[in-house]
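Structure, as structure tokens:
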Amino acid sequence: MVVYVRMDTSYISHRSKGFTLIELIVVIAILATLASIAYPAYMSFMDDAKRTSSAKTCADIVEAVTRFRTDNNGMLPYVVDAVKPDKNDQIFLKTADGEDADMLKILTNNEDDEDNRVNSLKEFYLKSTEVEEPVDGLYTNPNNGELGLYDPWGNPYYVVLCEEEEGCLDPFASRKKRLRNKPCIVYGLGPDGIGVAPTGKVGKKDKAASKEDAEIAAEEAADAILDNVYSWKKVSK
């Protein structure tokens with residue numbers, strides 16, 4: 001004789017229809033924990049990618065200036081009447097639109113005055129991704145048509161052109177130190193956007209300066225080197 005036993009599955013089926021409030025809270029807590037762990041790692045990855053992009057642009061500008069100088073018998077890409085070298089025969093420029101934009105026009109073959117071209121060969125020495133706003137690329141101001149080259153954080157790059165055959169002076173060195181065979185130094189401000197080279201503060205023998213002021217200047221230089229992106233030296237984090 002066969003006996004059939006009927007099991008009541010109503011309780012089981014009822015339990016399988018969804019989560020209880022406690023289970024939902026546990027799941028949300030787990031997801032929140034994972035997000036809190038993953039988000040900083042993601043932001044760090046994105047920041048590293050921006051640093052890499054900025055460093056590459058710095059190197060591209062240096063390469064463009066070096067090629068231009070080679071092709072034009074040692075001449076540097078700037079308008080002589082517009083910018084004057086300092087006492088060390090160095091020219092300090094920024095890649096912001098409207099300010100020192102002549103260098104970008106020269107290197108990208110976009111000079112306005114055809115009769116007084118600096119880039120007489122009409123070569124393209126610098127190519128960059130064109131962007132619609134001043135962030136991470138070559139930007140054209142819609143109001144005046146001026147070119148600007150900006151880093152991933154929206155800041156211009158800083159350029160030092162060097163007339164001396166011995167090369168540029170390192171603006172972050174504690175003493176005047178020539179960077180051999182470097183006709184150009186380019187650096188970006190990095191994510192903090194405030195690491196401007198303390199030119200004239202460090203390495204200047206000023207008898208009137210106090211020891212405390214000298215120490216502060218040295219600390220500022222050290223902080224800037226750690227925070228920013230450079231093309232002529234490898235900076236460890």
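Residues: numbered from 1 along the sequence shown. Bear in mind that the values here come from a model prediction, so they are computed numbers and not experimental data.
With contacts defined as side-chain heavy-atom distances shorter than 4.5 Å, the pair Lys94/Met103 does not qualify. Under the 4.5 Å side-chain criterion, counting only non-hydrogen atoms from C-beta, Pro183 is not in contact with Cys162. Leu24 places none of its side-chain heavy atoms less than 4.5 Å from the side chain of Thr20. At least one side-chain heavy atom of Val186 sits less than 4.5 Å from a side-chain heavy atom of Val159. Pro77 has its side chain within reach of Val65: a pair of non-hydrogen atoms, C-beta onward, lies under 4.5 Å apart.
More than 12 heavy atoms of other shown residues, nucleotides or ligands fall within 6.0 angstrom of atom CG in Leu31. The neighbour count for Glu132 CD, taken as heavy atoms of other residues, nucleotides or ligands under 6.0 Å away, does not exceed 12.
With hydrogens and angles ignored, the 3.5 Å screen pairs no side-chain donor or acceptor of Asn141 with any backbone N or O of Gly145. Of the possible polar contacts, one joining the Asp151 side chain to the Gly154 backbone as a donor-acceptor pair under 3.5 Å is found. No donor-acceptor pair closer than 3.5 Å links the side chain of Ser53 to the backbone N or O of Ala49. Between the Gln90 side chain and the Leu169 main chain, a donor and an acceptor come within less than 3.5 Å of each other. Put simply, the side chain of Asp102 never gets that close to the backbone of Ile106: no donor and acceptor are under 3.5 Å apart. Between the side chain of Glu164 and the main chain of Asp89, no donor-acceptor pair closer than 3.5 Å is present.
Residues passing the side chain to side chain contact (heavy atoms under 4.5 Å, CB included) test with Asp113 are Asp115, Asn116, sequence neighbours excluded. For Arg67, the salt bridge (Lys or Arg N to Asp or Glu O under 4.0 Å) criterion is met by no residue, not counting sequence neighbours. Partners of Ala32 by side chain to side chain contact (heavy atoms under 4.5 Å, CB included), not counting sequence neighbours: none found. Taking the side chain to side chain contact (heavy atoms under 4.5 Å, CB included) definition, one finds that Ile30 meets it with Val26, Leu34, sequence neighbours left out. With sequence neighbours excluded, the residues forming a side-chain hydrogen bond (donor to acceptor under 3.5 Å, both in side chains) with Thr108 are Asn110, listed by chain and number. Contacts of Asn109 classified as side-chain hydrogen bond (donor to acceptor under 3.5 Å, both in side chains), with partners at least two apart in sequence or in another chain: Arg117. Glu146 meets the side-chain hydrogen bond (donor to acceptor under 3.5 Å, both in side chains) test with Lys105; sequence neighbours excluded. In this structure Asn73 satisfies the side-chain hydrogen bond (donor to acceptor under 3.5 Å, both in side chains) test with no other residue, sequence neighbours excluded. Judged as a ring-ring contact (aromatic ring centres under 6.0 Å, His included), and not counting sequence neighbours, the contacts of Phe68 are Tyr125.
How far CD of Glu123 is from CG of Asn72: 9.0 Å, rounded to the nearest 0.5 Å. For the atom pair Leu76 CG and Cys184 SG, the distance stands at 8.0 Å (nearest 0.5 Å). Separating the CG atom in Leu149 from the CD atom in Glu130 is a distance of 11.5 Å, to the nearest 0.5 Å. Between Leu21 atom CG and Ile25 atom CD1 the span is 4.0 Å, to the nearest 0.5 Å. Distance check, rounded to the nearest 0.5 Å: CE of Met75 to OG of Ser120 gives 6.0 Å. For the atom pair OG1 (Thr52) and NZ (Lys50), the distance works out to 12.5 Å, reported to the nearest 0.5 Å.
Residue pairs meeting the side chain to side chain donor-acceptor pair (under 3.5 Å) criterion with at least one partner in residues 75-85, sequence neighbours excluded, are Tyr78-Glu163. Pairs of residues two or more places apart, or lying in two chains, that qualify as salt bridge (charged side-chain N to carboxylate O under 4.0 Å, His left out) and include a residue from residues 37-47 are Asp47-Arg51.
The minimum heavy-atom distance between Ile91 and Val83, with the atom names listed, is CG2-CG1, 3.1 Å. Across Gly188 and Tyr157, no two heavy atoms sit closer than the pair CA-CD2, 4.0 Å. Closest heavy-atom contact between Pro152 and Val135: O-CG1, 3.5 Å.
Applying the side chain to side chain contact (heavy atoms under 4.5 Å, CB included) test between Tyr158 and each of Thr95, Ile185, Leu93, Leu189 identifies Leu189 as the sole match.
Other members of the hydrophobic cluster containing Val131, listed by chain and number, are Tyr139, Tyr150; membership follows side-chain contacts under 4.5 Å among ILVMFWY residues, whether direct or relayed.
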